[in-house]
Structure formats: C-alpha cells, structure tokens
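All values below were derived from every heavy atom in this structure, side-chain atoms included, with hydrogens, water molecules and symmetry-related copies excluded. Residue numbers start from 1 in every chain, and the chains themselves are labelled A, B, ... in the order their sequence lines are given, proteins ahead of strands.
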Amino acid sequence: MTISKIIEVPYALEIPVGPQHPALHEPVLLKAYADGEEVVRVDIYTGYNHRGIEKLTEKNTFYRNIFIVARVCGICNLVHANCYVRALEELLEKYPNDRARYLRVLAMELERVHSHMLINAVMAEIIGFDSLFMNIMRDREYVMKAKEVLTGNRVLSDYLMVGGVRRDVDSVKKDRLLKLIDRVLPRVKYYRRVFMEDDTLLKRMVGVGVVSKTDALRMSLVGPPARASGVKIDVRSSEKYDAYDEIPFNVVTRKEGDVWARMMVRWDEAIESLNMARYALEHLPSDGNPVPDERRLPRRFPPGEAYTRVEAPRGELTYYVMSDGKPKPYRVKIRTPSFINIINTASVYVGYTVADLPVILVSWDPCISCMERVTVIDPRTGEKRKVPVKELAGGGSRRVSQRYSL
Amino acid sequence: MTSNPADAGEKTSSNNKVIEKGDGYSIIRRSPWIVHFNTGACNGCDIEVLAAITPHYDPERFGVKLAPSIRHGDILIITGAVTKKAAERLKRLYEQMPSPKYVIAVGACAISGGVFHNSYSVLAGADKVVPVDMYVPGCPPRPEAILQGIVKLLEKIGRKEPPPKE
Amino acid sequence: MNGEEHPVVKLLVDKGLIEPSSERVKPNRRIYTFKPERIREIISTMINNLGHDYFYISTVIGTDFPDKKLIRLDYYIVLLPGEETIVLRTWLPRDNPVIDSILDIYPGVLNAECETYDLLGVVFKGNPALKRGFFVPSDLVEKNIYSLRKDSGV
Ligand code: SF4
C-alpha cells in the first residue's frame with residue numbers, strides 16, 4: 001500500500017514504538033500508521049545510538065581497538081572482536097594455533113546459544129507468555145556461567161587477542177563446561193518442543209510477517225531471518241574461518257519465512273551450537289599454548305587491506321580494516337547484521353495488525369526490546385497528524401532522523 | 001501509586017509539597033518500580049539489567065518491578081554513554097517521571113562515557129544531563145551488582161536523604 | 001576462492017564495464033575497478049543475468065584520501081551460492097563526490113547509501129532518503145562537517 005492510501009483513510013493512527021526499546025545497538029523508533037487494526041505503513045527512525053565508533057577506531061591504535069569494537073554490541077562482542085582480530089591477523093599474516101582456533105569457536109558458539117535463548121525468551125514475553133520468558137532466562141544463566149568459566153566474564157569478556165585467546169582451559173574447567181552443556185541441552189530441546197507445539201505461541205507466530213525467498217535476498221536480509229526464508233547463507237560454512245572447517249555442523253534452513261520459522265531456526269541453531277561446543281571441547285587439540293605473548297606481538301602493521309566476515313548470532317558481520325603503515329588504522333568499516341535486518345524490512349509490517357507489530361519486530365532479533373510494550377501515545381482519531389515526534393531527536397525538522405518507507 | 005497518566009501532573013505538584021516537608025516520599029522504598037532507558041549502550045549492560053529482573057536473581061524480594069511506562073516509574077536505570085541525540089530524549093523522559101524520582105547509572109558508559117568518551121557524538125556520562133543518585137561500576141556490572149545498587153539506593157531513601165537537586 | 005571467475009563477472013569484464021585489478025583485499029578477494037557513471041548498468045546487468053536470488057550487496061565502503069583529492073567507493077558484492085565476495089571499486093573527486101543511486105533497482109543498499117552520505121558526503125543521485133543528521137548529531141550537521149573525512153577535526 002502506498003502513502004496516498006493513508007490520506008484516503010481518515011482513521012489513521014500513528015503508533016510510535018520506542019525508542020525506549022533498548023532495541024539492537026541502534027535504538028530505533030518504528031512509526032506505524034494503522035487503518036483500524038491494520039498497519040498500512042511503517043517508518044523507521046534511527047541514529048539514537050550513533051556513537052561514532054568508526055571514527056573512534058581511527059583515533060586509537062590497532063590493539064586498543066580490539067576493546068572498542070567488542071563494545072559495538074555487548075551481546076555479540078566475541079564475534080565483533082573475532083572479526084576485527086582476524087582482519088588484523090590477515091594484515092600481519094600471523095595466525096593462531098589449532099587450540100586457540102577451537103577455543104574461539106567454543107566461545108563464539110556459547111555466545112550464539114545465549115543470544116538465541118535471549119531473543120526467544122523476549123519473544124515469549126512479547127506474546128504475553130511470561131512464565132516461559134522467566135524459565136528460558138533461568139536456563140540461560142547456565143550458558144552465562146559457562147561463558148564465565150571459559151572467558152572470565154559473563155558478557156563482555158575481551159577474550160580474543162591477535163594470534164590467540166587470552167585464557168586457556170584446564171581439565172577442571174573442561175569438566176565444568178561439559179557439565180553445563182549437558183544441563184542446557186535438554187532444556188533447549190524442551191523449549192524447542194514448546195515453540196513447536198504450544199497453541200498460544202503458534203497462533204501468534206505462524207503466518208505472520210512472511211518474507212519470500214526473493215524478498216529476503218532483495219532486502220539483503222542475513223542470518224536467521226534469511227535462513228528462515230530458505231536462503232542458505234551461513235558464513236561459517238562458506239568462509240570456514242577459525243575451526244569451522246573441522247567441527248561438523250549443519251546449516252539450518254526453513255521454507256516458511258514467517259515469524260515462527262525464524263524462531264525455530266534459532267532453536268535449531270542453538271542445539272547445533274551446543275553440539276559444536278561439546279565437540280570442540282572433546283576434540284580440543286593440544287598443540288601448544290593458545291595464549292600468545294603480548295610483548296612479542298608486532299607493533300607495526302604493514303600497509304594493506306583486509307575484509308573479513310563472520311556469522312554473528314544475527315547474521316553476517318563484516319569488518320574492513322585498512323592500514324597505511326602507521327600505528328593507527330586508516331579506515332575501519334563495520335557492517336552489522338541486525339541494522340540491515342531492521343532498516344530494510346519496513347515493508348514487511350504492512351497488512352498485519354497492530355498487535356503483530358512487536359512480534360515481527362522482535363523476530364528480526366533487535367537485541368532486546370521487551371522492556372517497553374507498544375504504546376499508543378496519542379489515540380486521537382479522525383486526523384492524520386504529521387510527525388508528532390519531530391522534536392524527539394532534538395527539535396527542529398533538520399534534526400529529525402531520516403524518514404522513509406519502502 | 002495511582003497509575004493514571006492523566007493525573008500525573010497534579011500528583012507531581014502535591015508530591016513536591018510533601019518532599020519539601022522532608023517526609024513521606026520514603027514510602028516508595030517498599031516497592032520501587034524501575035524504568036530502563038538505553039541512551040546508547042552496547043547492550044551489554046542492557047542484558048544484565050534484563051537478567052537482573054529474572055527469577056534467578058529475584059528482585060521482587062525487594063519489591064522491585066519493571067514499570068510498564070515511564071509515568072509509573074520511581075527509579076530510572078540508565079545504561080550506556082549518552083549520545084547527543086539521546087540526551088534530549090533522556091531529559092524529556094526524566095521530566096515525565098513523577099516525583100519523587102531517582103536515577104541509577106549502570107555501567108562505565110553511563111558513569112563517564114567509558115570507551116566512547118572521545119567520540120564526536122557522545123556527550124559523556126548520564127550525570128551531564130540528569131542528576132544521578134547511584135553509580136554501579138562495571139563493564140557490564142554483574143546482575144548482583146545492579147541489585148546491590150538498587151538496594152543501596154533503597155537504604156538511602158529509607159534514611160530520608162532528599163533526592164539530589166537538579 | 002582461487003578458482004575460476006564467476007560467469008557474471010566474466011560477462012561484465014567482457015562488456016568492458018569493470019576491469020580486473022591485480023590488487024587483492026586480504027584474504028584474497030578480487031578487486032575490479034569501474035567508472036562511476038557505469039554503476040547502474042553494472043548492477044542491472046547483474047540483476048538481469050543472475051536474478052535477485054543469486055547475489056547481494058553486502059556493503060558500500062567509502063574512504064577519504066585527502067592527499068589524492070579523491071574518495072574511494074567500494075561495493076562489496078557476495079555471489080551466491082558459493083558466497084564469493086568481490087569488490088567493485090571506483091574513485092570520485094573529493095570536492096564533488098556524486099554517483100548514481102541504485103536504490104530503485106536494489107533496495108538493500110538503503111542503509112549503506114544513507115550512511116555514506118551522512119558520514120562522508122558522497123551524494124547518491126536519485127536516492128530520496130538522503131538527509132543529513134541520519135546518524136550524526138545536529139551540531140555537526142550545522143557546521144556541515146562530514147565526520148569520516150580525514151580533515152573533519154572531530
Ligand atoms: S559499560 Fe560496557 S557493557 Fe555497559 S554499555 Fe558500556 S561498553 Fe557496554
């Protein structure tokens with residue numbers, strides 16, 4: 001439906017969603033225009049969370065940047081650090097040993113599990129299934145514990161360094177990790193069954209927010225949303241970075257392309273990831289110390305460019321690093337997955353009801369957005385009001401984030 | 001607390017009178033409702049705030065509960081470095097909260113800007129924009145630390161220390 | 001990744017739209033240079049030959065080179081199903097960086113184009129969504145500073 005449609009319909013509401021949503025790392029504001037219950041158009045505003053990271057990386061040295069890029073997104077900090085560190089390793093042509101590569105995969109897969117569990121919990125909460133939310137969050141604590149045992153911290157761990165990782169595992173930690181994985185795996189399988197069979201969940205998710213395969217590619221969707229529409233892209237299997245060439249796993253795809261399919265892909269991937277984590281632990285190579293000596297790392301980077309890709313929990317994440325021989329990078333470009341998944345999908349909401357809006361939004365995995373519900377801020381009918389939140393970004397039309405619809 | 005946003009304005013003014021007398025507001029100590037606002041965080045702090053309100057950490061033993069909207073909130077939890085765009089928004093949110101209101105800054109970013117303090121679009125810590133009562137350090141702080149921050153703030157309220165001036 | 005060139009890339013090279021370059025972006029990603037006015041032709045040739053199902057534009061990266069007085073624009077394109085990444089590279093004059101937008105034939109570049117415009121000042125002709133202040137705070141917009149330019153001073 002086009003914009004002109006709204007003007008024809010006299011009873012159009014504007015429903016701002018957010019930006020108190022702590023949604024993704026760019027808090028967004030969705031503005032939906034509804035005709036009765038039906039959403040006719042959605043505008044997306046962004047930029048609340050622009051922290052100028054790309055400029056910041058040009059001002060700091062290559063090594064300090066590892067800590068900055070890890071803070072682009074706290075939920076996927078390890079994959080961000082991994083992507084950046086691998087770009088540096090490509091520049092230096094200095095690669096980690098096998099044990100370090102396995103440990104990296106282990107850490108990243110644990111991160112994927114906790115991220116997928118989080119978004120599924122949030123989905124349950126959005127739908128109104130609070131007890132399921134609480135249960136999933138409780139079991140997620142085991143994964144956080146496992147991450148803490150492995151990397152030393154629950155969330156941001158700064159585990160990676162050029163040429164290896166920061167901490168090794170010994171047999172005690174290995175046993176604890178295996179025990180924790182054994183504890184989580186049956187729970188994840190159980191939740192997968194709940195999402196498969198529970199009527200309340202199915203009623204809200206099946207057939208909502210359908211994206212066809214062609215649309216998914218045209219909108220540049222990545223990660224689980226793309227795989228749920230039948231697009232078989234997974235950087236882990238195509239790029240085979242770190243130890244992904246040696247650890248067996250399946251790329252999960254689904255045909256349906258609706259919200260339910262996206263959530264099921266996440267559960268299936270979580271199960272895959274737990275199996276991979278166990279495999280990595282059981283087959284951990286012992287070819288020397290995975291922790292490189294920080295003082296021996298080269299101080300100078302040869303001029304050159306590197307472009308690395310990783311599969312973050314939310315899809316393809318890429319880093320471009322260019323060095324001109326100085327101690328600081330010349331250019332760093334970060335392309336994050338959830339940003340694309342959110343921004344490019346404004347058209348998917350059209351035709352569904354207002355109540356489906358948060359469900360579809362969460363299904364893109366915008367990090368977390370359960371704190372705030374959809375609120376109808378001004379339920380006045382009878383007129384189409386012009387951008388009421390103009391001042392919201394700081395007053396004056398020039399300051400308003402770009403408004404567009406697709 | 002009544003939950004009708006319509007009479008929030010009225011309530012605020014009458015509450016202010018109570019505050020001037022220096023008693024009465026400590027009643028929220030029994031069950032403060034929290035509101036969470038992300039001013040430009042990396043989400044590390046956000047998921048820990050989220051984890052802190054789940055049964056594993058059980059904040060409801062302190063009466064702490066997530067408020068459905070800012071107009072019902074007593075404690076505002078701020079995470080993340082305050083970006084210039086979010087600063088205005090934060091100010092408006094703070095003004096919308098009914099008095100008495102308290103602010104907790106969670107994480108290195110909300111305290112001082114953290115690793116982002118040098119950036120052109122970041123203003124720095126939350127206290128540049130709104131008065132902050134309690135700082136919880138860490139990057140990100142553990143959920144236990146966040147809860148401890150809340151409990152410490154409740155003690156402060158119990159001692160009837162007035163909220164900081166703007 | 002060291003294998004044959006993708007057929008559509010070969011076609012584009014044969015048509016003279018893009019030129020292979022001897023440089024590589026590590027790890028071993030091929031670079032092709034092209035003239036900025038041909039961008040629409042290149043992308044529509046790709047769509048016509050591959051359809052929307054077999055490639056996607058991953059990102060657009062602009063880099064400022066004040067000493068050369070040029071801005072470099074890289075289109076990173078992933079060719080499915082092999083997921084080979086190729087780089088299409090072009091150079092724009094720094095004082096007037098203008099290139100045609102491909103938003104109408106390929107909607108997925110929306111965020112990349114807006115971002116490059118807001119942070120670097122590259123104008124994508126024909127993109128209705130371009131506007132300053134998409135990301136950067138308003139004080140920079142008022143001073144007309146593009147933050148990722150090397151001489152921006154922020
Ligand atoms: S303090 Fe650390 S975890 Fe929290 S928002 Fe800042 S960078 Fe992220």
A:Arg154 portion near chain B, given a 4.5 angstrom heavy-atom threshold: side chain
Student check: side-chain heavy atoms of A:His114 and B:Ile47 closer than 4.5 Å: yes
NE2-CG distance between B:His56 and A:Asp139, expressed to the nearest 0.5 angstrom: 10.5 Å
Top contributor to chain B interface from A:Arg138, A:Glu141, A:Met137 [non-hydrogen pairs under 4.5 Å]: A:Glu141
Heavy-atom check, side chain of A:Val155 versus side chain of B:Glu48, under 4.5 Å: yes
Proximity breakdown for A:Asn60 and chain B, heavy-atom pairs closer than 4.5 Å: neither
Nearest-0.5 Å distance, CZ of residue A:Phe133 to CG of residue B:Leu50: 4.5 Å
Partner set under side chain to side chain contact (heavy atoms under 4.5 Å, CB included) for A:Ala107, not counting sequence neighbours: A:Leu78, A:Leu150, A:Thr151, A:Tyr159
Exercise: identify the closest heavy-atom pair between B:Phe116 and A:Arg71: CZ-O, 3.4 Å
Contacting region of A:Leu56 [heavy-atom separation from chain B under 4.5 Å]: side chain
Per-residue contact mode, A:Arg64 against chain B (heavy atom under 4.5 angstrom): neither
Minimal non-hydrogen separation, B:Pro55 against A:Met134, with atom names: CD-SD, 3.1 Å
Residue part contacting chain B, namely of A:Glu58, when any heavy atom lies under 4.5 Å: neither
Side-chain donor or acceptor of A:Lys59 paired with backbone N/O of B:Asn118 under 3.5 Å: yes
Contacts with chain A made by residues 140-152 of chain B (heavy-atom distance under 4.5 Å), listed by residue number: B:Pro140, B:Arg142, B:Pro143
OG on B:Ser121 to CD1 on A:Ile53, rounded to 0.5 Å: 8.5 Å
